[in-house]
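Quick note on labels: first sequence line is chain A, next is B, and so on, each numbered from 1.
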Amino acid sequence: MNVLEIIFYALSAFALVCAIMVLISKNPIHSVLWLILVFFAISGHYILLNAQFLAIVNIIVYAGAIMVLFLFVIMLINVKKDSEPQKQLFVKFTGVIAGGSFLTLFISLVKQAMPLVGKTVPLKEGTIGLIHPLGKALFNDYVVPFEISSVLFLSAMVGAVLIGKK
Amino acid sequence: MPIQYYIFFCLALFSIGVVGVLTRRNAIIVFMCIELMLNAVNLLLVAFSKMYNGLALQNGASATAGIDAQIFVFFIMVVAAAEVSIGLAIIVMMYRNTHSIDINFLNRLKN
Amino acid sequence: MMLVSFLFIPILAALLLLFIKNNKTAQWVAILFSGLSLLVALLMLITPTADFNIAWLPNLNTRFILHADGLSKILILLTAISFPAILLTTANNEYKNRNVFLSLLLFAQAGLMGVFLAGDALLFYFFWELALIPIYFLCSIWGGEKRIAITFKFFIYTFLGSLFMLAGILFLNAHTSDHSFLINSFIHANLSGGEQVTAFALFFIAFAIKMPIFPLHTWQPDAYEQSPTAVTMVMSAVMVKMGLYGILRWLMPLFPAAFMAHTHVVVLLSVIGILYASFIAIRQDDIKRLIAYSSIAHIGLMNAALFTHTQIAIQGALIQLFSHGINVLGLWMVADIIEQQTGTRSMQQMGGLAKKQPTLAILLVGFALANIALPLTNSFVGEFLMFTGLFQFNPWMAACAGVSVILAAIYTLNLVQKVAYGAISEKINTMQSPNKGAQVVLIILLIIVFATGVYPQPLFSLTADTLQELFVK
Amino acid sequence: MNAIIVSTLLGVIMMFCSWGIKSQQVQKNIALIGLFILIIANLAQSNGWYVVDFDTKGMLKYNFFGLYANTLLFVLTFIYVWINGEEIAKITSSSADFYSLFFFILCGISILTSFDNLLMLFLGIEILSIPLYILTGADKKNMFSNEAALKYFLMGSFSTGILLLGITFIYGATGSFHLTAPVVSISTGIAQEQILLSTGLILLFAAMNFKVSAAPFHFWTPDVYDGAPTVFTSFMATIAKAAGFIAFINVFNSQHKALGYSWTLLLTFVILSTLLVGNIIAVFQRSVKRMLAYSSIAQAGFMLFALYGKSDINYESTLLYAVVYSIATIGIFAVLVKMKENSFEAFNGLGKAHPLLAFTTTVFLFSLAGIPLTGGFFAKYYMLSALLKAGAGLWLVLVAVVFAAISIYYYFKIIQAMYFTTGEPAINPLPSQYKYQLLTLAILLLVLGVFPNLLLNYLYF
Amino acid sequence: MKIIIAFIILWPFAGFLFNGLGRNYWSKKVIAYKATGYIVASFIASIFAFIQVQNHGAVTVHYFDFINTATVKIPFDFKVDALSSLFLLVITGVGSLIHLYSTAYMKEETAPHYARYFSYLNLFIFSMLILVLGDNYVIMFIGWEGVGLCSYLLIGYWFTNGNYNYAAKKAFIMNRIGDLGFLLAIFWLIVKLGTVNYSEVLTADSLAKLSSTDITGIALLLFVGAMGKSAQIPLFTWLPDAMAGPTPVSALIHAATMVTAGIYMITRSNILYSHSELTQNIIAIIGISTALLAATIAIKQNDIKKVLAYSTVSQLGYMFLGLGVGAYSGAVFHVITHAFFKALLFLGAGSVIHAMHHEQDIRKMGGLKSKLPITHITFLIGCIAIAGVPPFSGFFSKDEILAAAFAKSPIYWVLGVIGAAMTAFYMFRLYTTTFLGNFRGTPDQENHLHESPQAMTLPLILLAIASALAGAIGIPEMMGGHHWLSHNLIPIVGEPVELGLSHSLEWTLMAVSVSIAFIALLLAISIYKKKTDEEPLTALGKFFYHKWHIDELYNEVIVQPLNRFAGFLKNIIEKQVIDGAVNGTGKLVQYSARKVRLIQNGQVGYYILFMVAGIILLFMIWFNDISILHFFNKLTKN
């Protein structure tokens, strides 16, 4: 087991733990913070996969912008503690069961998938994750979606204004 | 690193997100769990991208194989950002009216 | 062009009527136009008719084809006679928004005519529904107290049936070589035995509900009871014939093998239905329900006759299509006059009509005799032939069905006895003599009853070609 | 391409209109002009004329079907705005904002009718969905509207997650996002080779079902349709949904082979449960709006039949159904908008008070129920016919037919209220031209009910 | 000939139309003249026809095709031959007299009802003529049903009385039961032979085409028809009830003509019966049973018309016995004589009733001999004739039947003689109580007793003469006659069968039967001269008085169960089972709607949970496509 693998396991374990913590912390602010940690772990994975651009973007966009927005809203709304009563054991139970079976289902599917056998993901290798090839691809092959995504933003903007204004 | 490990890991993250959606009642946290799901997908896409890139390199083919998945991740982030802005706006609007963001209170419309 | 005018005249009249608010004018316009189609129908009997055939939806391969053979003609004649007769007899009945009422009625007439003329399955289906929908509104708006629920049941019931037929049409269409809806392509559709049975069943359900035959009949007495009588007359004199027409025109030629395979089942079912309905009719006190059950019994016999697939029985059924319409029309008219004037349908409250209104009583007795198929009335000829065919098919079934001859006498005489005879009851005592129009219509109908009963040959020759078609091929 | 560009531009223009122009009427007229331009632009492309012509690198692929679908949906939007403009104006002080959202939605729709890449599918769906979330929540002071928006948003995002997971699996299996690439080979049942692709496709299938509100992914529909402002419900239930279907067909007509025989099974399951849920629950509704929501689920069940096979008639039937259903639904919602309340009782006596309105409503309902002489009949007819041509069992047709009969039950409740029950209809005053606008729709439906090929002939230009 | 027959038929019909349509316009006088005149005209035409047949043999005339299709052809043909011409004479002859009688008897009715009465009577004659003239079974059936209808109308003539209506309905329905048999026989013939014409059916050739089952079946079914019309066990109960109609009607329909239709039909089809031993035996047994049963009942009846009615049933039984033992001409002979004397008796009874102001109970009469001399004499002649006292007509006809019965089986003969004795007994009981002794009615009635007007007595006298002398047409050769009737009927029934009885035996039998009848006759006079049936009846007497409780039996065993069954169908099966199933489907949909919609509980969490479950379900289906679909596809593609 080499270093990279150890890092992989460590990051994964960390991410999973943090993700679980998102679920179980009572205080929404804590959840946000845990989620940021998950994002960091995922960014770590990106770096491990030599996808530096995405790693950076992930941190900037998700951990930076989006999660701050979440925090901001939580502060705004000022719900310090989750006001939900803890009783709904049944709901939690069924939720976990459903998620568990979801996971089991997919793992069993993936395990059966023959084409994946022997396929590996090279770590710390390759150049596609770097800014240069990505940029080239984005503005050559993917220029149409790139432009179109502006519509998305426009509509989101109009929408946010519509909804946000008093 | 075998691809399955990445898949398992991402699926686990995804499922945690699903469980979160199913069990939490705070709208914001539910939304966060959805973001978690999206991130799991992102990571999986990158893993696949690298896998195909690696395969292509082994076969000596084009070195840019698999890049489209990373682009896709980029777009998912874009969309997620837009969604977050709308989503949070809706949540805030909701809060203004009801002073609650508990999704269990959202049951006036039913049957 | 003559065939198109059967559709054109009532539709034109119906549209025109929507704008005539004056009740009297509306009534006369309706009578005039329906009389006009009667004239055309009479003209049709003596002149050759050309098919009407134009493309309709080319990419569906469906055509607007109107074709009239003897079977169509006899039913068109019945329809054409019924409508003016109905309009004349019910001229004095109170209907709010009479012009709309008449308009819907004429739409129904167009639908009925279309059903009897259509030579294309999709067109047939169209008219089939066009005939139903105005009836739905007519019954629901102008009907009795429980009209909404009852009519709704009737509507959904028949609509479900016709949807099954639509499925059958689709199914057949998929199996024709040219993917068309023409009756001839349907006849030559490439069906395996099993497929034929399936398609047969789909069509048959629609027809069976329409007729209706046991045990799919429960909508009918309720619907007849609750509908305004003009509509009841249309339904019972003409609309039920749609099912029988469907069997003759579509079921029999399209699925010969499946048809032959199911004759026994259907005949048995019909025979059960005949007896069943007759027994129930014996216990009815409501005059409309009695006629309704009697009609179920008669239609059951006609259905049984068709399914014997004997030439003689089918010949009888062809005649009876017309005769039953006339008889039942007369019965309803008398019942309607009584109901309108006394405000009751319960036979217990009647009695003494013969003393109070002898003419009406005589007419009632006349139609009652036709209803029990007394010789020299029109139904005798039809029923005689049908029973003969049934006997040929299976003597035991004929014997069982024959019991209905006795039962029919029982319930019809019950009706006559309770309504016409006995001491004059309070209700009957209030009766005035019916309007002249109604009297004239009833007398004409009675004359038709006896004329075709004594000399049915014209009806035979009218339908000879259909019979030829069915049996020579 | 023209449609995407022009609709975006128009969206932006409308955005600015909300600052510059205060008159709602003018805004509406601009929107109508814009829609007209959009239609022209799209027709221009159908005839080979482009605003800008460039290589989309396989992201978009144009065929006549997509363009024609665009045209039809634009026309429907035109009709929708034409009829509902005043009502939209009542919700806000500046309806231009909503018009701009409509244009963005139309942009999304244009993508969904022509995408050739799963990325474009994803973007198209998002562009379509995000404005819809907003439209749902447009009535900001109304708690129902808020609730609906949040529900829609949460569930929509969740389904996006599922969609993305599906796309990821498809990518994992094939290494490409192009629609033409994924089908590796035709197989039946579970093949170990195909398992990843199939998994992805099923997830994609589930997400698409969510968009078209097919059971068991329909749960958002009744609540959202019920909660949203009625005018927007009308839009969501018709044009947006139709676009969803066209996207659905575009994906799965090329992809279902990967699922082999199970595809039929999955589809059958979804169709049956959709028909069941939609029709059955609609029977017991007391609110017309909610009933229509369930009926739209039921109608979705019918539209799914088009996915069964891959032939011309499937496309024909989808278009016809979408158009006819949309016209009828726009019409019935346009009536509903004018009612003071949503209950069936509100319609009592409408036949007497407003005969023309009642007549048009009857036509709309007949069409929804699929009764001959209205377009709805041929819509259903084409669907069933497509089903049979695709080789599905007759039993499925029969089941569909039974459910169609059940649907009569709830549609006719309105007719019964209008004509057979006496009462004072709870209706707001109607603008004078309103009746005639509705009458136009009704006549359109009647014409399509006799000559459906007026619509379909253009498919073969 | 065509025209003569048309006249025969159309005169009564013209009368029907004339009186029926003009009932509000004509005076009673016009009505009476026309109605009677038409029948007399018809009678005269019948005489012509009869002479024609005597001279030139049978004639068939064709008018038009009633039914003419590819598969079956039923012409509207009439045939006049020995049998039908005989019947023609009886029908129109007796009919004329009864019409004449009615003109006076019905005097009290108002003009429209008077007209109605005569139009019914004319229609009846018309139907009866069609019945006997028809050249095939279908035409016969037309008349057959026609007379049923007329009897219905005439029994219910006083329609405001509920009981009369009930009687009318009963008559019609019982007739219909028989008619069903007749109809089935016709169907059978058509199906097997493709024709119903007598000339084609009743030949050895076509009978050869039929199996013995066919023949027996057809013959039995025809006999069922005859049973209904001719009031045989078990369908006889309508006839006594039919006395509800005016008395001349009873005379015409229920004695002289309509009830003999059955005999006519079987005589007509005799060749069929000759080929079916079984049927013949059944007919004979039923005939003699009916004769005895009705006779026992007649003994204890107190209503003057009821006694005559049961006597009619009894006499019809005799005729059927004759048919059963092959004495067709004997049966016809009895029909003719019976027509005369029974019409006479009924009309006489009518005269009595007329005099007694509609009192029909013989216990309230008595001693009318002096007050109603003509009625008395004629009635006595009728009684003697029916009792079989030589040389009155009844003796010859009855004796012919009895002789043939003896040849078949002595048991028939013994029973027949017992029946004859009972006949003599009850007839003279009737005669004695009515005309002899003292008057037992109210003084008011006594004061008003008067002989009937001429229009009524004239028919009585004519009929009395006929009753007395009609035996002349069938005096057996043994007595030196040459039996004109049986010779005349040879074309129809063939040569008379040689009975194989020696003359001495025949004489003996005749003497025995006559003396027994005579003893019974004297017994009746001696018993009833003094006393009336005031004292309580014995158990057997009660049993007879209550007509063997047969009406009650039918009511309990057939009518009530059927009624209950119909009620069960109407209230349980129809309302709850079939309609219940239909409505239940609707209810089920509504119920499931109410339940299923609870899934939509408004909670996003649940919705998403269901979605996840839905996804998992999709995968499950995908895993296990254990041909659920295959199954369904198989099901429908079968």
Query raised in the report: Checking heavy atoms, do the side chain of D:Ile5, its backbone, both or neither come under 4.5 Å from chain A?
Result: neither

Report summary line: Value for CD1 (D:Ile130) from CG (A:Leu152), rounded to nearest 0.5 Å, stands at 4.5 Å

Report summary line: Okay, D:Ile105 and chain A: the region with an atom under 4.5 Å from a heavy atom over there is neither

Query raised in the report: Can you tell me how far OG of A:Ser155 sits from CD1 of D:Ile134, rounded to the nearest 0.5 angstrom?
Result: 6.0 Å

Query raised in the report: CD of A:Gln112 to CG of D:Leu196: how many Å apart, nearest 0.5 Å?
Result: 11.5 Å

Report task. Please report the closest heavy-atom contact between A:Leu154 and D:Met15, naming both atoms and the distance. Result -> CD2-CE, 3.8 Å

Requested in this report: Answer whether the closest heavy-atom distance between the side chains of D:Leu119 and A:Tyr142 falls below 4.5 Å.
Outcome: yes

Query - Whether over 12 other heavy atoms sit under 6.0 Å from D:Tyr50 OH - result: yes

Let me check something: any side-chain donor-acceptor pairs from residues 156-163 of chain A under 3.5 Å, sequence neighbours excluded? List them with distances.
none

Report task. Please flag which part of D:Leu203 lies under 4.5 Å from any non-hydrogen atom of chain A: side chain, backbone, both or neither. Result -> side chain

**Report entry** Close side-chain approach of D:Met120 and A:Val144, heavy atoms under 4.5 Å
**Finding:** yes

Report task. Answer yes or no: are there more than 12 heavy-atom neighbours, outside D:Lys90 itself, under 6.0 Å from its atom NZ? Result -> yes

Report task. Using a cut-off of 6.0 Å, state whether more than 12 heavy atoms not belonging to A:Ile131 lie near its atom CD1. Result -> no

**Report entry** When D:Phe169, D:Phe103, D:Tyr133, D:Phe122 are compared by non-hydrogen pairs under 4.5 Å with chain A, the top option
**Finding:** D:Phe169

**Report entry** Euclidean distance, D:Leu123 CG relative to A:Ile148 CD1, rounded to 0.5 Å
**Finding:** 7.0 Å

Requested in this report: Select one option (side chain, backbone, both, neither) describing which atoms of D:Thr56 are under 4.5 Å from chain A's heavy atoms.
Outcome: both

Query raised in the report: With only heavy atoms counted, which part of D:Leu135 is less than 4.5 Å from chain A, the side chain, the backbone, both or neither?
Result: neither

Report task. May I ask you to list the residues in residues 96-107 of chain A that approach chain D closer than 4.5 angstrom, counting heavy atoms only, ordered by number? Result -> A:Phe102, A:Phe106

